[in-house]
Number of protein chains: 2
Amino acid sequence: MESAKLDAIDCKILEVLQRDGRISNVDLAAEVQLSAPQCFRRVRALEERGVVRGYRALVQPAALDLGVTAFVSVNIAAEAFERVRDIEGLLRDQPEVLEIHTVSGDCDYLLKVVARDLRSLSQLLTDRLMQIKGVADVRSMVCLEEVKAPAALPVR
Amino acid sequence: MESAKLDAIDCKILEVLQRDGRISNVDLAAEVQLSAPQCFRRVRALEERGVVRGYRALVQPAALDLGVTAFVSVNIAAEAFERVRDIEGLLRDQPEVLEIHTVSGDCDYLLKVVARDLRSLSQLLTDRLMQIKGVADVRSMVCLEEVKAPAALPVR
DNA sequence: ACTGAAATCGCGTCAAC
DNA sequence: GTTGACGCGATTTCAGT
């Protein structure tokens with residue numbers, strides 16, 4: 001899917017596109033000191049190689065009435081190990097569950113979830129996640145403050 | 001900064017822009033069944049109200065030679081409580097630290113970090129984060145698998 | 001006031017050098 | 001890797017409701 005190395009200009013392009021995903025090709029070309037067609041070809045190559053996986057608008061959760069963000073750790077009961085893939089599917093189907101990672105350490109899964117308020121968060125956890133057969137333990141860490149908003153990947 | 005309610009069309013726009021942040025205005029207008037200028041005005045309003053906080057290219061971390069993602073919990077020593085803001089600043093300054101949240105529960109901060117490999121992760125943790133005066137405890141959960149990639153906010 | 005039609009201008013994109 | 005050309009899309013203006 002990729003493998004070919006990125007040179008300094010590719011890195012610069014990625015840096016800019018992570019900062020402003022809607023920049024026009026000519027402005028981007030100017031920033032990275034390339035002619036527009038050159039720049040265009042590079043961007044397309046990065047997209048085709050899967051280096052750039054897409055473009056997203058960042059939406060303020062509060063505007064969508066999602067006042068609560070939380071990280072939720074989930075464990076799977078030993079008896080349910082054979083059904084993990086199903087359980088993953090059920091977790092993934094919840095729209096409020098934004099990310100799911102399997103992690104090393106005390107818990108099996110770490111989820112990032114959003115909810116309208118603490119009451120809906122609680123509902124999500126107890127009425128939906130904990131109802132999934134095989135889910136043994138659900139613990140949540142409610143986000144109180146965002147000290148650093150999701151930053152761009154370091155390009156170095 | 002916001003407050004005025006979003007109607008069904010605004011929601012649809014946000015849904016589409018979260019999926020494809022680079023969609024052209026005419027295509028977006030077609031998808032939400034609006035004339036182009038109408039659609040354009042709405043998008044601009046959403047941006048100006050801060051509902052849309054920006055646009056980002058999603059870059060595959062592996063392509064930037066960042067093979068490891070981890071969540072790191074950090075605690076602050078009781079003696080250092082008065083210096084939390086400074087400590088936050090020092091944490092924030094690390095480019096590999098992508099997100100910082102203060103959370104309820106056993107730890108004070110939860111960070112999302114990336115690194116080249118486990119060796120550089122270890123280096124980041126022991127040589128940089130743990131060297132910050134006042135940081136009392138650093139635990140990491142290394143991400144093994146991405147079960148659900150960062151999803152769009154549910155729009156309801 | 002709000003909508004959409006039209007008009008303009010600049011950009012994306014391709015082809016040829 | 002650059003220049004030039006073409007067509008489409010972004011953005012504004014304006015007239016009609």
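Order of the sequence lines fixes the chain letters, A, B, ..., with proteins taken first and strands second; residue numbering starts at 1 for each chain.
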Legend entry - Flag side-chain contact, heavy atom, 4.5 Å: I23(B) against E31(B): yes

Legend entry - CG/D27(A): more than 12 non-hydrogen atoms of other groups inside 6.0 Å: yes

Inset, instruction - Answer yes or no: is there an ion pair linking R128(B) with D93(B), defined by an N-O contact shorter than 4.0 Å? - result: no

Legend entry - Close side-chain approach of L98(A) to P154(B), heavy-atom, < 4.5 Å: yes

Legend entry - Electrostatic pair E47(A):R22(B) at N-O distance under 4.0 angstrom: no

Inset, instruction - Would you mind reporting whether L6(A) and V155(A) have side-chain heavy atoms less than 4.5 Å apart? - result: no

Legend entry - Partner set under side chain to side chain contact (heavy atoms under 4.5 Å, CB included) for T102(B), not counting sequence neighbours: L144(A), E145(A), V147(A), E88(B), Y109(B)

Legend entry - Contact state string [nucleotides 2-15 of chain C, B base, S sugar-phosphate only, - no protein heavy atom under 4.0 Å]: -BBB-----SSSB-

Legend entry - DNA chain D contacts among residues 8-17 of chain A, heavy-atom distance under 4.0 Å: none

